[in-house]
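Start at 1 and go down the list; that is how both ligands and their atoms are numbered.
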Amino acid sequence: MMLARMPLIAGNWKMNKSGTEARDFVREFLAQLPAWEDREVLLCPPFTALAVVGPLLYGSPVRLGAQNLYPEESGAFTGEISPRMLVDAGCAYVILGHSERRHHFREDDPLIRRKVAAALASGLKPILCIGESLSQWEAGLASEVVLGQLRAALVDLSAEEVFSVVVAYEPVWAIGTGRTATPDQAQEMHALIRAEIRQLWGQEPAERLRLLYGGSVRPENIDELMACPDIDGALVGGASLEVESFLRIVGFRQAS
Ligand code: PGA
C-alpha cells in the first residue's frame with residue numbers, strides 16, 4: 001500500500017535578514033498564507049532571527065527550523081549552538097550537511113552523522129542535505145557520491161529514527177546558479193535514494209521518508225518538480241527571501 005507523504009516546502013534564508021527584516025517578512029507572509037491542510041511550510045532563518053520569528057509563527061501553520069547545530073549539549077564551544085537551544089527557540093527542524101557547510105566549513109560525513117544523531121536525540125527533525133558537485137556530476141559520479149553521503153550520515157539509525165528524517169537532494173551545481181536539474185534528472189536521483197532507503201531500512205521507511213529537491217527552485221519550476229512521484233517537497237534558498245515568490249512556491253499545484 002502506498003503511504004501518503006505530506007509535502008514539505010522549506011525556506012532556507014542562509015545568512016540573510018536582520019531581526020526587523022525577518023519580522024516584516026513573516027507578518028506579510030502569514031497575512032497572505034491560505035489555510036492549507038495538504039502541505040507543510042517551514043522557515044529556517046539565521047540563528048539571530050529565531051527568537052523574533054518563533055513567537056510570530058506560534059499558532060500559525062508554519063514551522064520553525066534552524067540551519068545548523070553543534071552536536072553537544074552545552075559547554076566550551078565558542079560560537080556554536082546546541083540542539084537544546086534550538087528546541088528552546090521553538091525549532092522543529094534543523095538543516096544539516098548543507099553543501100555550503102560541507103565546502104566552506106569543511107564539514108565531513110562523520111561530523112554530519114553526529115549532528116543527525118544529536119538532532120534526533122533532542123526531538124528535532126533533521127533535513128539532511130546531500131548532493132554532488134559539478135565535477136562529480138560531469139565525471140558520472142553523482143549517484144555514488146549522493147548514496148555515499150546518505151549512508152554515511154544515517155547508517156547507525158534505526159528504522160524508527162529514519163521516520164523522523166527528511167532528505168534534501170541538492171546538486172551543488174544547481175544551488176544559487178539558476179541552473180536546475182530537470183524534473184527527470186531530479187526524479188531519477190530521488191528514486192535511487194528511495195531505493196537505497198528501502199534496501200537499508202525496509203519498505204515502510206522508504207515510503208514514509210520525505211525527499212526534497214533543492215537548487216534554484218523558483219515559482220516557474222515548482223509545479224513540474226512537485227509532479228514527480230518521488231519529489232515530496234523543496235528546499236528553497238534565494239526564492240524564499242521574497243514574500244511573493246515564496247508564497248507562489250508554497251502554493252504549488254498538487255498533481256491530481
Ligand atoms: P537556491 O538554494 O534555491 O538559492 O539555489 C537552495 C539551497 O541552498 O538550499
Side-chain angles (χ1 to χ4, degrees), residues 7-17 21-22 25 29 39-47 49-50 53 62-69 91-107 112 115-116 119 124-134 136-137 142 145-146 149-150 153 165-183 185-187 189-190 193 210-226 228 231-252:
L8 171 63
I9 305 289
N12 171 15
W13 284 355
K14 308 191 179 185
M15 197 173 72
N16 293 291
K17 293 197 191 295
E21 290 162 346
F25 177 106
F29 183 70
R39 60 198 67 191
E40 198 176 353
V41 177
L42 171 70
L43 281 176
C44 302
F47 289 138
L50 289 176
V53 172
V62 181
R63 319 291 299 277
L64 184 68
Q67 300 172 20
N68 187 24
L69 57 70
C91 292
Y93 287 87
V94 59
I95 297 170
L96 295 175
H98 191 279
S99 61
E100 286 151 17
R101 299 231 43 103
R102 291 180 192 258
H103 297 122
H104 300 312
F105 305 100
R106 310 239 164 94
E107 289 197 8
I112 294 164
K115 291 186 175 198
V116 169
L124 289 164
K125 291 184 178 23
I127 300 179
L128 170 71
C129 299
I130 54 180
E132 78 285 1
S133 67
L134 180 61
Q136 290 164 332
W137 184 64
V145 168
V146 165
Q149 289 173 344
L150 179 85
V165 175
V166 175
V167 172
Y169 167 59
E170 301 201 302
V172 178
W173 46 269
I175 295 179
T177 58
R179 187 173 167 182
T180 330
T182 64
Q185 285 169 330
Q187 164 57 27
M189 187 61 85
H190 281 225
I193 296 168
R210 288 179 296 177
L211 290 176
L212 313 185
Y213 171 77
S216 296
V217 173
R218 298 275 175 274
E220 298 74 34
N221 58 22
I222 186 69
D223 288 343
E224 54 179 7
L225 288 165
M226 292 304 292
C228 299
I231 298 184
D232 308 312
L235 183 54
V236 186
S240 71
L241 293 171
E242 299 294 332
V243 171
E244 197 187 325
S245 67
F246 197 47
L247 274 172
R248 281 168 60 201
I249 291 173
V250 301
F252 70 88

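By the criterion of a heavy-atom distance under 4.0 Å, both the backbone and the side chain of I175 are placed next to ligand 1. Under 4.0 angstrom from ligand 1, the non-hydrogen atoms of A174 all belong to its backbone.
Although no hydrogens or angles enter the test, the distance criterion places no donor-acceptor pair under 3.5 Å between the side chain of K17 and the main chain of P46.
Near G215, with a cut-off below 4.0 Å to any heavy atom, the atoms of ligand 1 are 5 (O). Close contacts of ligand 1 with E170, meaning ligand atoms under 4.0 Å from a residue heavy atom, involve 6 (C), 7 (C), 8 (O), 9 (O). The contact set between ligand 1 and N12, taken as ligand atoms under 4.0 Å from a residue heavy atom, comprises 9 (O). Of all the atoms in ligand 1, the ones that sit under 4.0 Å from a non-hydrogen atom of G176 are 1 (P), 4 (O), 5 (O). Taking every heavy atom of H98 and a limit of under 4.0 angstrom, the matching atoms of ligand 1 come to 7 (C), 8 (O), 9 (O). Each of the following atoms of ligand 1 lies closer than 4.0 Å to a heavy atom of G238: 1 (P), 3 (O), 4 (O).
Paired with E170 under the rule side chain to side chain contact (heavy atoms under 4.5 Å, CB included), one option of N12, L212, I175 passes, and it is I175.
Heavy-atom distances between S216 and ligand 1 reach below 4.0 Å in at least one pair.
Where the criterion is an N or O separation shorter than 3.5 Å, residue side chain and backbone included, G237 meets it with respect to ligand 1.
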Practice problem: Verify side chain to side chain contact (heavy atoms under 4.5 Å, CB included) between N68 and K115, making sure each step is shown before the conclusion. | Solution: CA-CA 9 Å; N68 187 24; K115 291 186 175 198; 2.7 Å; yes
Practice problem: Evaluate side chain to side chain contact (heavy atoms under 4.5 Å, CB included) for V236 paired with F246, printing each intermediate quantity in order. | Solution: CA-CA 8 Å; V236 186; F246 197 47; 4.2 Å; yes
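Figure legend: cation-pi geometry between R39 and F252, with NZ or CZ positioned under 6.0 Å from the six-membered ring centre and within 45° of its axis.
The distance from atom CD1 of I222 to atom CD1 of I9, rounded to the nearest 0.5 Å, is 4.0 Å. Atom CG in L50 sits 9.0 Å away from atom SG in C44 (nearest 0.5 Å).
Between H190 and Y213, the two ring planes are tilted [angle within 30° to 60°].
Nearest protein heavy-atom contact of atom 2 (O) of ligand 1 is K14 NZ, 3.3 Å.
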